[in-house]
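This report concerns only the one structure given below.
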Amino acid sequence: MTSAPRAAGRCLGLIGGLGVGATIHYYKALTAAHEARGRAARLLIAHADVERVLGDIGAGRVDELAQYLASLVRQLADGGAEVAAIAAIAPHIAAPRLVPLCPLPLVDLAEATARAVRAAGLQRVALFGTRAAMTSGLFGRLTEVEVVQPRPDELAYIQATYLAIVRAAGGTADQIAGLRKLADTLCRRDGAEAIVLAGTELALVFDEATA
């Protein structure tokens with residue numbers, strides 16, 4: 001006896017490759033969420049050039065980044081996607097300029113992060129991710145909390161370590177220990193109540209048990 005076909009969810013288009021580890025992280029979570037609801041996942045992935053995206057972010061080329069990401073969303077729409085998401089945090093610096101260019105609704109990870117911080121009742125947090133995410137308070141979206149700014153050498157260390165993790169799709173024991181030590185410093189010295197992981201690859205090396 002064969003089982004009845006499962007209902008399919010909406011076709012979700014992911015902009016992936018930013019980096020590969022982050023894409024796998026979201027892919028696994030999304031398929032598991034569909035399974036939990038008894039639905040068949042429908043996913044398309046457009047692979048983005050991580051070096052191009054990081055270069056645009058580092059140089060402040062937000063308009064160019066938005067245009068590039070929009071071209072990938074159009075590819076996903078042409079393939080049948082009904083909603084789009086970027087499987088990384090850093091490119092959301094371009095979200096306000098990207099949305100008007102998109103032929104599909106775009107999931108806003110920065111807003112989802114801000115909602116989670118509010119729901120946790122946090123008042124003072126620090127961010128780990130790219131320099132742009134950290135120094136802008138996650139692109140100006142964490143407006144209802146105080147964002148602790150690491151010192152310049154600490155900012156440089158966090159960004160360099162984070163980008164190394166992105167490119168390797170994983171972290172070393174030394175990198176994990178270094179970030180954990182700095183997180184402790186920001187909590188003890190600067191009064192941060194929590195560290196917001198504003199970079200998906202950080203979830204590859206930290207979870208509720210290891211953080």
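If you're wondering where the values come from, they're calculated on a predicted model, not measured in any experiment.
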Between the main-chain N or O of L72 and the side-chain N or O of Q75, is there a donor-acceptor pair closer than 3.5 Å? no
Heavy-atom donor-acceptor pair, T23 side chain to G17 backbone, under 3.5 Å: yes
About how many Å separate [atom2] of [Y] and [atom1] of [X], when rounded to the nearest 0.5 Å?
| X | Y | atom1 | atom2 | result |
| --- | --- | --- | --- | --- |
| L43 | C11 | CG | SG | 7.5 Å |
| L163 | E51 | CG | CD | 8.5 Å |
| Q149 | L127 | CD | CG | 7.5 Å |
| R10 | H34 | CZ | NE2 | 10.5 Å |
| Y68 | I15 | OH | CD1 | 8.5 Å |

Please step through side chain to side chain contact (heavy atoms under 4.5 Å, CB included) for the pair D190 and T185, ending with a clear verdict. CA-CA 7 Å; D190 300 321; T185 296; 5.7 Å; no
I'd like to check L65 versus I57 (side-chain heavy atoms, cut-off strictly below 4.5 Å). Are they in contact? yes
Would L122 and I89 show up in the same hydrophobic cluster when neighbours are defined by side-chain heavy atoms closer than 4.5 Å? yes
Is [X] salt-bridged to [Y], cutoff N-O under 4.0 Å?
| X | Y | result |
| --- | --- | --- |
| D184 | R188 | yes |
| E154 | R189 | yes |
| R118 | E111 | yes |

The criterion is side-chain hydrogen bond (donor to acceptor under 3.5 Å, both in side chains); which residues satisfy it with E193, sequence neighbours excluded? none
When you check the side-chain N and O atoms of T200 and Y26, is any donor under 3.5 Å from an acceptor? yes
Name of the residue among H47, E201, R167 meeting side-chain contact (heavy atoms from CB on, under 4.5 Å) with V20: H47
